[in-house]
Every structure is written in C-alpha cells, then in structure tokens.
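Some notes on the structure that comes next.
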Amino acid sequence: MNTYSKLILFLVIVFVWGCSNLPLLEEAKTSYNDAIQDSLLVAKAPGAIEEAEKEFLKINNLKKNGASDDLIEHHAYIAGQKVAIAWATAELNAKRDEVEKAEAERQIVMKKYEEAEALAAERRAEEEKIKQEEAQREAALYAQRVSDLSAEKTDRGLVLTLKNVVFAAGKATLKLGSEQHLINLAEFLKEYPERNVLIEGYTDNTGSDKVNMELSKRRADAVKKALISKGIENSRIQTRGYGEQYAIADNSTPEGRQMNRRVEIVISDKRGTLTARHPTQ
Amino acid sequence: MKVLEIEMNATNSHLKRNFLLIFTTSAFFLASCGSSVPVMDKITETENIIGQIDQAGASQYASSEFSRAQSKLNEAKQLADAGKYDQALLKAKEAQVDAELAEVKTYSGKADEELSEIQASIQSLKDKIQELNLER
C-alpha cells in the first residue's frame with residue numbers, strides 16, 4: 001500500500017467516524033474496550049460488564065433487523081452506563097477494602113490506647129498513694145515535733161507555753177534554763193518555714209495595769225530577740241503584751257503568780273495565719 | 001322453526017358486532033401505544049431506587065448522575081402521560097441505569113468519608129497514646 005492510498009484510507013476512516021450518527025455507540029464501544037483491558041476491573045465488577053455485553057448483543061440484532069438509530073443509541077447509552085457502573089463498582093470495592101483495613105488498624109490502635117490508659121491509671125494511682133503516704137508521714141512527723149515541743153492544741157491554734165521561760169517579778173530578762181526550749185522552738189520554726197509565731201507576754205497582778213501591759217510586751221519582745229539570735233527572721237515573729245489578763249493561776253499565792261508570769265507562743269497554720277486573742281490591742 | 005332460526009341469527013350477528021368492536025379497539029390500543037403496564041412498573045421501580053439513594057445522600061455524593069436520573073424519570077412520566085409508552089419505557093430504563101450509577105457513586109463517596117473518619121480517629125488515638133506516654 002503506498003502513502004497515497006494510506007492517506008485516502010485514513011481520510012475515509014475520519015470521514016466515517018465524524019459522520020457517524022451513533023456517537024453514543026462509538027463512545028460505549030471505546031469505554032467497553034478500555035474496561036475489558038483491565039483484568040482487575042472485570043474481576044471486581046463482572047456483573048456490570050456482562051450486562052454491557054448483553055446490550056452490545058442486542059445492538060447487533062437490532063442493526064441486523066434495521067432498527068432505528070434512536071433505539072440503537074438507547075441501548076448504547078445503557079451499555080456505556082453499565083461500563084461506568086463497573087468502574088464505579090471497582091472503585092467502591094477498593095475503597096471498602098481500604099475502610100476495612102483502616103478499621104482493623106483502628107482496632108489495634110484502640111487496644112494500644114486502652115493499654116496505655118490502664119498503665120497510666122495504675123501509675124497515677126501509685127503516685128497518688130506515694131503522695132498520700134508522704135503527707136501522712138509529714139503529718140505524723142509534725143505531730144511528733146509538736147509533742148516534742150509540748151505544744152497544746154487550742155482554739156487559737158497550737159499554743160506553746162514556755163513554763164520554764166520564766167521571769168523574775170518586774171523583770172523582762174530571760175532566766176537561764178530557758179535556753180533549751182528556745183533552741184527547740186527555733187529548730188521547729190526552721191523545719192517548718194511556712195509557719196509564723198505570735199509571742200504573747202503575760203504578768204501577775206502586782207503593779208499597775210499600765211506597767212504590766214508594758215512589762216508583758218517587753219517579755220514577749222525578749223523572747224522574740226532570743227529567737228532572732230537563733231536565726232529566725234524578724235518578719236515571722238509578732239509580739240503582744242496582755243498584762244495581767246488571762247491569768248492561768250491564782251495570783252494570791254507566790255506559786256500562782258510565778259505561773260502567771262509567762263510567755264505563750266501561738267504557732268500559725270500552714271499558710272502562716274495567726275489568730276490573736278483580741279482583734280487588736 | 002323458521003322464525004326461531006331468524007331470531008337466533010339476529011342474536012349472533014349482534015354478538016359478532018360487539019366482539020368486532022372490542023377486538024378493533026384493543027388492537028388499535030396495542031398497536032398504536034404499546035402497553036402502559038411495563039412502563040408504569042419500570043417507572044415505579046426507578047422511583048424506588050431514586051428514593052432510596054436520595055435518602056443515602058445521592059444529591060451530595062453523586063449530584064450530576066442523580067439529577068440526570070431524576071430528570072429522565074420526569075421525562076418518562078411525561079411521555080407516559082402523553083401515551084407514548086414505547087419512548088417512556090426507554091427513558092425509564094435510562095433513568096434506572098443513571099440511578100444505579102448514582103447509587104454506586106454515593107456508596108463510594110460515603111466510603112471516602114468513612115475512611116477519613118477512621119483515619120482521624122486513629123490519629124487522635126495515637127495523639128492520646130503519646131500524651132499518656134509523656135505523662136511519665
């Protein structure tokens with residue numbers, strides 16, 4: 001075949017193709033031919049491909065019997081849509097496979113999450129237990145230290161009465177022998193730096209109220225000075241003088257008066273808050 | 001006897017005339033319009049499919065195929081109303097394959113969504129696992 005006749009043949013084909021008044025049929029044939037090239041597609045959507053084939057058989061019979069173009073195009077349309085359904089079905093099946101795989105992965109990850117959550121819960125419970133034990137130990141230690149100091153729980157809080165930090169009548173000088181008690185208190189305050197103290201001075205009923213008020217304040221200040229000298233910050237210590245008020249013993253006997261000449265130390269709560277006997281003085 | 005015969009003949013010819021009328025009417029009906037029964041069956045069938053895929057979200061996942069199926073079904077109904085049963089049947093069949101294609105694409109779209117939901121859930125679980133491990 002020479003070049004010239006090849007060209008003629010090509011033109012004839014183009015002409016026939018272009019003039020075909022069955023565009024849907026051409027389209028359906030093309031897509032069907034593409035579809036059956038894909039063995040995976042035929043395997044995944046055999047039903048739709050078979051239905052398309054049946055339509056093509058019908059078209060052949062209709063052509064033989066000289067059916068109208070419109071009827072042939074109708075069957076071609078159906079065939080083309082069946083091929084499209086085959087493609088879409090294959091795509092859907094592939095997606096469903098992916099969904100299934102993803103779901104299986106999700107189950108695995110879910111299990112891992114549940115395991116991690118269980119471990120974390122165990123860990124949190126363990127930490128909480130340790131924390132509680134520590135708090136209990138601290139509370140027990142504190143109780144021990146308080147009892148070492150011989151402090152008493154009152155409605156003002158912990159109150160330590162320094163019975164041996166006693167004063168000579170009319171004096172604000174600390175007697176010897178009170179040293180060890182103050183060392184213990186200073187150590188306690190160093191151990192619990194969040195706690196502050198209120199030092200309250202008291203007198204017996206000898207002398208005027210005014211003098212006793214001043215004297216009691218000086219007694220409290222003397223204790224404060226002693227604590228500062230043992231390393232406790234000034235800001236943690238408040239002082240008050242109550243004079244002869246709030247006697248704890250009978251002032252008519254020398255022993256009673258001796259007991260009333262005293263200093264009481266109120267220890268604050270954990271937040272450093274103190275409760276005084278009176279709003280202010 | 002003669003009288004009776006004549007009477008019988010008259011009755012026969014009357015019956016024959018009636019039969020002829022019924023036969024011609026039916027023949028005319030069948031020949032010109034085809035039967036309405038298969039068309040109406042096909043229309044109902046396609047309507048059911050369209051209703052089902054509409055509920056499955058076809059207008060969202062396969063909007064062009066879905067609206068094509070709907071408009072072809074409407075054309076089929078109009079043709080059937082006009083008595084053009086042959087053409088109506090063809091349109092109804094086309095509407096049905098369009099609806100079938102829309103159905104498959106709808107499920108495909110839903111599978112896409114399902115897949116991304118699962119993947120998001122996996123990612124969120126992995127993030128949570130990492131958070132739990134960082135707690136240590």
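Below, chain A is the first sequence line, B the second, and so on; all start at residue 1.
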Derivation of the salt bridge (Lys or Arg N to Asp or Glu O under 4.0 Å) call for A/Glu91 and B/Lys105: CA-CA 9 Å; A/Glu91 200 183 322; B/Lys105 290 203 166 176; over 6 Å; no
CG-CG distance between B/Asp86 and A/Asp70, expressed to the nearest 0.5 angstrom: 12.5 Å
[X], [atom1]: over 12 other non-hydrogen atoms inside 6.0 angstrom:
{"X": "B/Gln55", "atom1": "CD", "answer": "no"}
{"X": "B/Gln60", "atom1": "CD", "answer": "yes"}
{"X": "B/Glu75", "atom1": "CD", "answer": "yes"}

Test item: B/Asn133 and A/Leu119 side chains (from C-beta on) under 4.5 Å apart, heavy atoms: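 No, their side chains stay 4.5 Å or more apart.
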A/Tyr77 side chain near B/Asp98 side chain, heavy-atom distance below 4.5 Å: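 Answer yes - side chains close enough.
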Residues in residues 95-108 of chain A that sit under 4.5 Å from chain B, counting heavy atoms only: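 Only A/Lys95, A/Arg96, A/Glu98, A/Val99, A/Ala102, A/Glu103, A/Glu105, A/Arg106 of residues 95-108 of chain A have a heavy atom under 4.5 Å from chain B.
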Residues of residues 188-196 of chain A contacting chain B, heavy-atom criterion under 4.5 Å, by residue number: none
For [X] against [Y], the heavy-atom pair lying closest together:
{"X": "A/Val109", "Y": "B/Ile129", "answer": "O-CD1, 3.8 Å"}
{"X": "A/Ile85", "Y": "B/Glu100", "answer": "CD1-CB, 3.6 Å"}
{"X": "A/Lys82", "Y": "B/Val97", "answer": "CE-CG1, 3.6 Å"}
{"X": "B/Leu132", "Y": "A/Ala120", "answer": "CD2-CB, 3.6 Å"}

Contact winner vs chain A - B/Gln119, B/Lys91, B/Lys93, heavy-atom pairs under 4.5 Å: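 Of the candidates given, the most pairs with chain A belong to B/Lys93.
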A/Tyr113 versus chain B, the contacting section by heavy-atom distance below 4.5 Å: both
Which atoms of A/Glu117 approach chain B - backbone, side chain, both or neither, heavy atom under 4.5 Å: both
